[in-house]
Amino acid sequence: MKVISDAKAETITTEAQGAISTLASILTANFSAYCRLKDQFAHHETVEASGEQKRVLLPWVHTAISKTKRTLLGIFYGISEKYTQGYLDEFCYKFNRRYLGVNKLEVLMIDAINHWSL
C-alpha cells in the first residue's frame, strides 16, 4: 500500500509502473483513473460489478482495505499525514504475517538479520 497525493490517472499509472512488472496481468475495478494501465502492462482486465459481486471478484483487495481502515480509524485515530506511510507499512507487514502463529518473534529476528546482511 502506498500513500498517493490524488486519484488521477497519471498518479496511479506512475505508482503502478514502479510497483508492478510490465509483464504482469492485472485485474482492477472499472474506475476511470485505471484507463492508462492497459498501455503499460501485458494484460489489463477491468471488472464492472457492484456490492457483493466486487467482494467475490476482488476478495483480498476488499479485505485489506477494510482492515486497514479499521486499524487507522481505531488504533491510530487522528494520525498525521507525515506518519501515514509508516502506519501503512506496519499494517502491511503485520497483515502479510498474520498466519505465522507463535513464531512471530523468530520470524521478525530472521527478517532483521536478512535485511542487515544485504
Taken in chain and number order and not counting sequence neighbours, the residues that satisfy side-chain hydrogen bond (donor to acceptor under 3.5 Å, both in side chains) with T13 are none
S25 meets the side chain to side chain contact (heavy atoms under 4.5 Å, CB included) criterion, sequence neighbours left out, with H43
Test your reading of the model: is there a side-chain donor-acceptor pair from Q85 to the backbone of V3, 3.5 Å cut-off?
yes
Taken in chain and number order and not counting sequence neighbours, the residues that satisfy side chain to side chain contact (heavy atoms under 4.5 Å, CB included) with L27 are E45, V47, L58
Contacts satisfying salt bridge (Lys or Arg N to Asp or Glu O under 4.0 Å) that involve residues 59-68 (not counting sequence neighbours) are none
Y83 meets the ring pair (Phe, Tyr, Trp, His ring centres under 6.0 Å) criterion, sequence neighbours left out, with none
> Can you find a heavy atom in the side chain of H44 that is under 4.5 Å from one in the side chain of T28?
Replying inline: yes
Applying ring pair (Phe, Tyr, Trp, His ring centres under 6.0 Å) to Y93 and not counting sequence neighbours gives none
Using a 4.5 Å side-chain heavy-atom cut-off and chaining through intermediate ILVMFWY residues, the residues clustered with L23 come out as none
For K2, the salt bridge (charged side-chain N to carboxylate O under 4.0 Å, His left out) test, sequence neighbours excluded, returns E15
Sorted by chain and number, sequence neighbours left out, side chain to side chain contact (heavy atoms under 4.5 Å, CB included) with M1 holds for A64, T68, L88, F91, C92
List the atom pairs, with distances to 0.1 Å, where a side-chain N or O of residues 31-38 and a protein N or O form a donor-acceptor pair under 3.5 Å, not counting sequence neighbours.
none

| Connected via hydrophobic side-chain network under 4.5 Å: I26 and I4 | yes
D6 meets the side chain to side chain contact (heavy atoms under 4.5 Å, CB included) criterion, sequence neighbours left out, with K8, T11
Tracing side-chain contacts under 4.5 Å among Ile, Leu, Val, Met, Phe, Trp and Tyr outward from I110 reaches none
